[in-house]
Structures are given as C-alpha cells and as structure tokens.
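Before any comments, here is the structure.
Reckoned from all heavy atoms, side chains included, excluding hydrogens, waters and symmetry mates. Quick note on labels: first sequence line is chain A, next is B, and so on, each numbered from 1. Computed from a prediction, not measured in an experiment: that's the story for all the values here.
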Amino acid sequence: MNGEPVIEVKGLQKSFGELQVLKGIDTVINKGDVVFVIGPSGSGKSTFLRCLNLLENPTGGQILFEGTDITDPGNDINLHRRKMGMVFQQFNLFPHLSIMKNLTIAPIKLLGKSKEEAEKTAYTLLERVGLANRANAYPNQLSGGQKQRIAIVRALCMSPDVMLFDEPTSALDPEMVGEVLNVMRDLANDGMTMVVVTHEMAFAKEIASRVLFMDGGYILEENTPEELFGNPKNERLKSFLSKVI
Amino acid sequence: MPQWLQNLADRFYTNFISENRWKYIADGFIVTVEVTFFAVLIGIILGFIIAVIRSTHDKTGKLKIPDFICKVYLTVIRGTPSVLQLLIIYFVVFGSVNISKVLVAIIAFGINSGAYVAEVIRSGIMSIDKGQTEAGRSLGFTYAQTMIYIILPQALKNVLPALGNEVIVLLKETSICGYIALQDLTKGGDIIRSRTYDAFMPLIAVALIYLVMVMLLQRLVAGLERRLNSSER
Ligand SMILES: Nc1ncnc2c1ncn2[C@@H]1O[C@H](COP(=O)(O)OP(=O)(O)OP(=O)(O)O)[C@@H](O)[C@H]1O
Ligand SMILES: [Mg+2]
C-alpha cells in the first residue's frame with residue numbers, strides 16, 4: 001500500500017570526532033516515495049544516506065525502519081539491511097566472483113534460497129537491465145555503466161523494500177550515465193521506494209516525488225521537485241541552484 | 001675409465017653406498033619434509049587466526065585484549081633468532097617431558113612461521129578496499145560472513161605468492177633442526193661428512209636436494225597463481 005512510512009528519521013545526528021556533520025535531521029520516507037537528496041559537497045548527503053542502513057552509526061536521534069528503531073543496539077541490523085538495498089558510487093562489485101555469483105551469494109547465504117531459485121531471479125532481473133548475456137563474466141570485464149547496472153541488480157536480488165543510491169552515476173563516463181538512469185527510472189515507475197543522493201538535477205526533476213536540500217547539517221528545504229526547483233524559498237538553496245543549473 | 005672419474009665413483013660409493021649411508025639423507029629428507037609440511041599447516045592456521053584478530057581490531061577497535069596478546073607474540077617471535085626459539089621449546093618448554101623431537105620441531109617452526117604468515121595475511125586483508133566490506137554489510141552479511149565470503153578469498157589470493165615464499169623460507173629454516181640433535185636432511189649430510197671425512201659429496205648432494213625442492217615449490221606457486229588469475233579474466 002502506498003503512503004505507509006518505510007523509514008522515519010527523527011532528530012538524526014552524526015559526528016565524526018569534533019566534526020558534527022548531521023545536526024538534526026527529520027524526515028519520513030513513505031512507501032513508493034522517490035526521494036532525492038541534493039546539496040553542496042560536504043553537506044552530509046552521503047553520511048545521511050549511510051546512516052539509514054547504519055553503515056555509519058548515528059550519534060543521536062532515531063531511525064525507524066518499518067516501525068522498528070534500528071538504532072536500538074538490541075536490534076539485529078543485519079536482518080534489516082537485507083531489506084535495504086544500497087548502490088554505491090564505486091559499484092563495489094565482488095571482483096573474485098562471476099556476475100551470477102555476485103547476484104546470488106546473498107540470497108543463497110542469507111535468505112536460504114536454492115541455487116536454482118536464486119539464479120532464476122537473478123536471470124530475470126539481468127534480462128530487465130539488458131545484461132543477461134554477461135552472467136558468466138567477471139566484474140572487471142564490464143564497463144562502468146554495466147557494473148553499476150549489475151550493482152543495482154545485486155541489491156534487487158534481495159527483494160528490498162527500499163533502495164538507497166549514493167551518487168550512482170558520478171563515477172561514470174558521461175555516455176554511460178543514461179543506461180543507469182534508465183534502470184533507476186524503471187524502478188521508480190515500478191513503485192520502488194528510493195532514496196537517491198545525486199548531482200543529476202535534471203533527473204531529480206524528472207522522477208523525484210520529493211527533493212530534500214541539505215546544507216550545514218540540516219534539511220533546509222523539502223518539497224516536490226516542481227516547487228523546490230521552480231520556486232525555491234531558502235536563500236542557500238537559491239544560491240546552490242544558481243550554481244548548479 | 002679415466003682416473004678422475006674413477007675417483008669420483010669411489011667417493012660416491014664411500015659416501016652414499018657403503019654402509020647404506022644414503023639412508024641418512026633419505027631419512028633426513030623425510031624428517032625435513034614432515035617438519036616443514038606440518039609446521040606450515042600450523043603456521044597458516046595460527047597466522048590466519050592472528051591476522052583476522054589483528055585486522056578486526058584495526059578496523060573496528062574491538063578485540064583489544066586478543067589483539068594485545070597477538071602483538072606480544074609477534075614481537076617476541078620476530079625479535080628473537082629461530083634457533084633460540086627451537087632450543088627454548090625443546091629444552092625449556094618440553095625439557096622435562098619425553099616428546100618426539102620431530103614433534104618439537106613441528107611446534108617450534110609452526111609457532112615461528114605463524115608470526116610471519118600472520119603479517120602477510122593481515123596486509124592482504126588490509127589491502128582490500130573498504131567498499132567491499134560496505135557492499136557485503138549492506139546486503140545483510142555479518143562482519144564474519146563478509147570476512148569469509150568476500151574479504152578473505154580476495155586477500156588470500158593477493159598474498160599467495162608471499163605465502164609461497166614463506167613456505168620456502170621455512171623449508172630452508174628447518175635446517176637448524178640439528179641443534180636439538182634431530183636428524184633432518186642437513187644433519188644427515190653432516191653425519192656422513194663426519195664419518196667419511198669428505199665434505200664435498202654429502203653437503204653438495206644435500207644442497208642440491210634443497211634447491212630442487214625450492215624450485216618445485218616455486219613452480220607450484222606460480223601455477224596456482226596462474227589458475228587463480230585466469231578465473232578473473
Ligand atoms: N568517516 C569519516 N570520518 C571523518 N569525517 C568524515 C567521514 N565521512 C565523512 N566525513 C566528513 O563529513 C562531511 C560530510 O561528508 P559526506 O560524505 O556526507 O558529504 P556529501 O554531502 O556526501 O559530499 P559529496 O557531495 O562530496 O559526496 C565532510 O566534511 C567529510 O569530510
Ligand atoms: Mg557523498
């Protein structure tokens with residue numbers, strides 16, 4: 001059902017030693033939302049995203065995933081992470097495993113799927129992103145765009161409830177950006193809940209249901225893409241947009 | 001037969017055939033192989049455990065006490081001569097018990113090589129990009145599962161040549177077994193020398209045997225490396 005909260009962020013804070021990067025973030029990501037996070041370099045976008053699945057440990061506040069406070073140390077974060085797919089700027093495919101093994105290792109080891117079952121799912125998803133013919137290749141035989149599409153499929157193979165993207169196209173040659181954005185667009189159209197950190201403003205305008213502008217450790221403005229890009233209210237957002245667009 | 005050839009044949013006969021002296025070398029060879037093989041096994045297991053403890057501590061700050069114990073062990077083993085370690089384990093640690101010298105040597109060299117293997121494997125683990133751990137953890141793998149399925153296979157592959165070298169070093173290092181009167185290959189050759197008063201024949205023979213073993217090991221490692229690499233092309 002659309003509209004149910006998937007992730008609720010309450011007063012999230014994160015410091016690295018003396019440096020406080022997140023000073024109090026509040027937001028709710030609902031089922032089917034495609035939330036884009038924008039902001040200047042160093043504003044804490046990646047840190048925010050990585051706090052959502054606890055790759056970074058918050059130093060304050062709460063993160064509720066499907067109603068459970070995952071910052072509570074009594075919670076097994078590994079169980080929750082299975083349902084939160086993550087895609088990295090640097091792809092981070094496993095170079096010692098074939099593409100098929102990259103895609104099936106987690107479903108087999110963690111979800112107890114049989115090899116056949118896991119490969120069937122992987123194969124269907126590979127066909128969707130047009131890479132079914134590369135199942136037996138190794139990551140370093142692929143182009144950057146292909147690697148990132150595989151990385152997305154790897155996360156999807158766990159049938160996650162939400163997908164987190166940290167600048168998925170920033171490490172790509174320009175001619176390969178489109179193929180990755182196409183896959184993300186398909187996912188959004190299929191109703192996947194997504195949180196995307198990006199510098200691709202045009203893409204944000206196109207598919208976001210909501211855009212967050214972060215700076216100085218806070219969300220300074222949060223709105224539909226039409227409003228946020230067309231009629232920005234925050235001064236820093238205005239000057240940011242004037243620089244990037 | 002020319003005189004020099006006749007001479008060589010005579011010396012060969014005295015050193016290896018008469019009184020079945022070749023047996024010193026054959027028996028010594030078996031001891032050397034035995035000690036090396038099992039010491040390598042112990043060294044790899046020990047080194048592996050230590051490497052995982054140390055790198056887990058480096059990455060997460062956990063396991064403070066085990067890490068400290070490992071550091072003491074590494075410092076002591078790498079800071080003292082291996083002959084002395086062998087002597088101490090034989091005369092001090094096992095001084096009052098009746099235990100086979102081969103076993104003592106296996107334990108001593110195993111403990112010794114564990115220290116070197118540990119640092120080799122640790123450097124392999126630390127060389128793997130942090131993004132690999134993050135990718136593993138983000139899928140829901142625990143720290144241990146990420147280590148086993150993702151980090152260690154890559155780390156071990158990277159350090160395989162260095163590990164092969166470690167085996168070669170250890171094989172040669174076992175030639176100090178004579179210090180506890182264990183008759184390994186080197187000692188075997190030396191016993192023949194002391195019986196026949198001919199140093200050249202037995203010592204050169206022993207040296208050649210070591211050389212052949214080392215060269216075989218080198219080829220083995222190279223072959224293994226090729227096979228592992230081809231799986232990624
Ligand atoms: N592990 C860390 N240790 C110390 N400081 C960190 C760490 N990770 C991030 N920071 C600091 O936190 C701040 C925010 O970093 P973050 O990567 O979240 O920014 P960002 O908005 O994603 O920037 P970019 O657009 O460049 O990716 C930066 O000043 C960065 O140097
Ligand atoms: Mg970033």
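Other residues, nucleotides and ligands contribute at most 12 non-hydrogen atoms within 6.0 Å of the NZ atom of A/K101. Shown here is B/F29, whose CZ atom has no more than 12 heavy atoms of other residues, nucleotides or ligands within 6.0 Å.
For the set A/N53, A/L110, A/L164, the count of heavy-atom pairs under 4.5 angstrom toward chain B peaks at A/L110. Put simply, of A/M158, A/R154, A/K109, the one with the most heavy-atom pairs under 4.5 Å next to chain B is A/K109.
Residues from residues 119-142 of chain B that place a non-hydrogen atom less than 4.5 Å from a non-hydrogen atom of chain A comprise B/D129, B/G131, B/Q132, B/E134, B/A135, B/G136, B/R137, B/S138, B/L139, B/G140, B/F141, B/T142, given in numerical order. Within residues 56-91 of chain A, the residues having any heavy atom closer than 4.5 Å to a heavy atom of chain B are A/N78, A/R81, A/R82, A/M84, A/M86, A/F88, listed by residue number. By a heavy-atom distance cut of under 4.5 Å, not one residue of residues 68-77 of chain B is near chain A. Contacts from residues 37-49 of chain B to chain A, taken as heavy-atom pairs separated by less than 4.5 Å, involve no residues at all.
Using a 4.5 Å heavy-atom cutoff, the side chains of A/I7 and A/L52 are in contact. The closest side-chain heavy-atom distance from A/I150 to A/L126 is below 4.5 Å. B/I204 has its side chain within reach of B/L208: a pair of non-hydrogen atoms, C-beta onward, lies under 4.5 Å apart. The side-chain heavy atoms of B/Y116 and B/V169, taken from C-beta on, include no pair separated by under 4.5 Å. Inter-residue side-chain proximity for B/D27 and B/Q183 is flagged as unmet; no heavy-atom pair is nearer than 4.5 Å. Residues A/L181 and A/M184 are in side-chain contact: their nearest non-hydrogen atoms beyond the backbone lie under 4.5 Å apart. By the 4.5 Å heavy-atom criterion applied to side chains, A/I99 and A/L142 are counted as neighbours. When side chains are defined from C-beta on, B/I176 counts as touching B/L86, because their heavy atoms get closer than 4.5 Å.
Close placement of the A/F203 and A/F36 rings is indicated, their centers lying within 6.0 Å of each other.
Side-chain atoms of A/Q148 do not come within 3.5 Å of backbone N or O of A/T169 as any donor-acceptor pair. Panel note: side chain A/S209, backbone A/V34; a donor-acceptor pair is recorded below 3.5 Å. For the pair B/E225 (side chain) and B/L160 (backbone), a donor-acceptor distance under 3.5 Å is absent.
If you run side chain to side chain contact (heavy atoms under 4.5 Å, CB included) between A/R185 and each of A/V183, A/N182, A/L187, only A/N182 comes through.
Looking at B/E166 and B/S113, their side chains never bring a donor and an acceptor atom within 3.5 Å of each other.
A salt bridge links A/R210 with A/D33: at least one charged nitrogen is closer than 4.0 Å to a carboxylate oxygen.
For A/I105, the parts sitting under 4.5 Å from any heavy atom of chain B are the backbone and the side chain alike.
The minimum heavy-atom distance between B/S175 and B/D184, with the atom names listed, is CA-OD2, 3.3 Å.
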